[in-house]
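Down below is the structure, laid out as structure tokens.
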Amino acid sequence: AWDLAHVGNYEELWILQRVAGLAPTNEQYDDMYDAFRHERFVRDELPLLRGAQARDYLAAVRERVLATIDSLELDAPGQDDPLLADGFVLALVAQHEHQHGETILQTRNLLGARVAPLALAPVPSNGEDDLATAAVPGARVRIEAGTHMIGTSLEPRAYDNERPAHEVQLAAFEIDRYPVTNAQYVEFAESGGYDDERVWSADGWAWRTADDERAPLGWQRASDGSWTVARFGVTSALDPLEPVQHVSWFEADAFARWSGGRLPSEAEWEVAARGTDLSGANLGGLRGGPSRIGSHPTSASNAGCEQMLGDVWEWTSSEFDGYPGFRAFPYREYSEVFFRSGYRVLRGGSWATHPRAIRTTFRNWDHPQRRQLFAGLRLAWDV
């Protein structure tokens, strides 16, 4: 409920109040839906707009915004407001809404059978099964050592944490062509990976033992030894060729160590992802889940990696921090307050991510114990 009205309030704050200079609908909303004034665990104590009220508020804000947009001086000669340049404020608000749409899907998935099932059902595209059968889990591509450019200074929609473009020095490495599959992860779970303290970081082992985790979120072991997975309240057999999802960073890191590989740094990930074709990716929530590996060869990156955008977010080894030359914009609380605080970076988006809210430079971040994300992993290897 909070997220739903927060989307409308964010749109009102940035377009109607900040840019157009209009009065707020209700000053109480500006306080109540400020993510930094009210932590998640106290939001249910607030007098939130519920159901129809929240939707009515969203509709009223959108109507005012659409009536105002034509009067905004986007790219007008001589205008010096960076919020208006290249229509940044409109992209900011649109991306924000798409991001919260995915958050709401995560919440619906956590609620499971307590809410009506969503009308989401993965439907293989033509030839997908044949393509997946031809894919080889664990296949790798090599990235040569050298100087590489990451980040962006030109993408008008980019957030502050994606800027500026800058050079990084990377040693040669290999990276998996595909994300890690359910079948690969089953092997880890069934071979005692969750009981082998040697492959877990100290913090990861403390988390694993405290919560007695034994498998990714939603997995269940059937009496015949097979695995099932619950998705939006519907239980089905685990597809061995789907990318594993709903694993924490702790689990991803442990799996990587158990495999003899490692998680890629976000710089390595971005270099390997360069040139990925967005149009060939599984994005936008149209399928209701990740595609089998090998299903989207037309989305391959310049290096030959597939499914780097869409399907599952991929954990990296990197802690979230600013790039050299970082400048907070349009507000510190979007990125800067999270720097060097233990958050781990995820890249690439998931099947639920809107195409307008992802690119190869986009940086997501979260706590290492979080599992509600549609997140998996891809392995890197030293050479």
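The figures that follow rest on heavy atoms only: side chains count, while hydrogens, waters and symmetry mates do not. All values derive from a computational prediction rather than experimental measurement. Along the sequence shown, residues are numbered consecutively beginning with 1.
Side-chain contact check for Asp224 and Ser226: at least one donor-acceptor pair (N or O, by modelled atom type) lies under 3.5 Å. At a cut-off of 3.5 Å, with distance as the only test, no side-chain donor of Asp3 or Thr103 sits close to an acceptor on the other residue. Thr25 and Glu12 are linked by a side-chain donor-acceptor pair at a separation below 3.5 angstrom, with hydrogens and angles left out of the test. No hydrogens or angles considered: nothing links the side chains of Asp311 and His296 as a donor-acceptor pair under 3.5 Å. Side-chain contact check for Trp2 and Asp44: no donor-acceptor pair (N or O, by modelled atom type) lies under 3.5 Å. Glu251 and Ser248 form a side-chain donor-acceptor contact under 3.5 Å, judged by distance and modelled atom types alone.
Using a 4.0 Å cut-off between a side-chain N of Lys or Arg and a carboxylate O of Asp or Glu, Arg64 and Glu11 do not qualify as a salt bridge. Salt-bridge annotation for Arg340 and Asp321: present, with a side-chain N of the basic residue lying under 4.0 Å from a carboxylate O of the acidic one. Arg287 and Glu242 are not joined by a salt bridge, as no carboxylate oxygen comes within less than 4.0 angstrom of a charged side-chain nitrogen.
A cation-pi contact, defined as under 6.0 Å to the ring centre and within 45° of the axis, is absent between Arg18 and Trp14.
Between Tyr185 and Tyr194, the two ring planes are perpendicular [angle over 60°; tilted spans 30° to 60°].
Residues satisfying the ring-ring contact (aromatic ring centres under 6.0 Å, His included) criterion with His98, sequence neighbours excluded, are His354.
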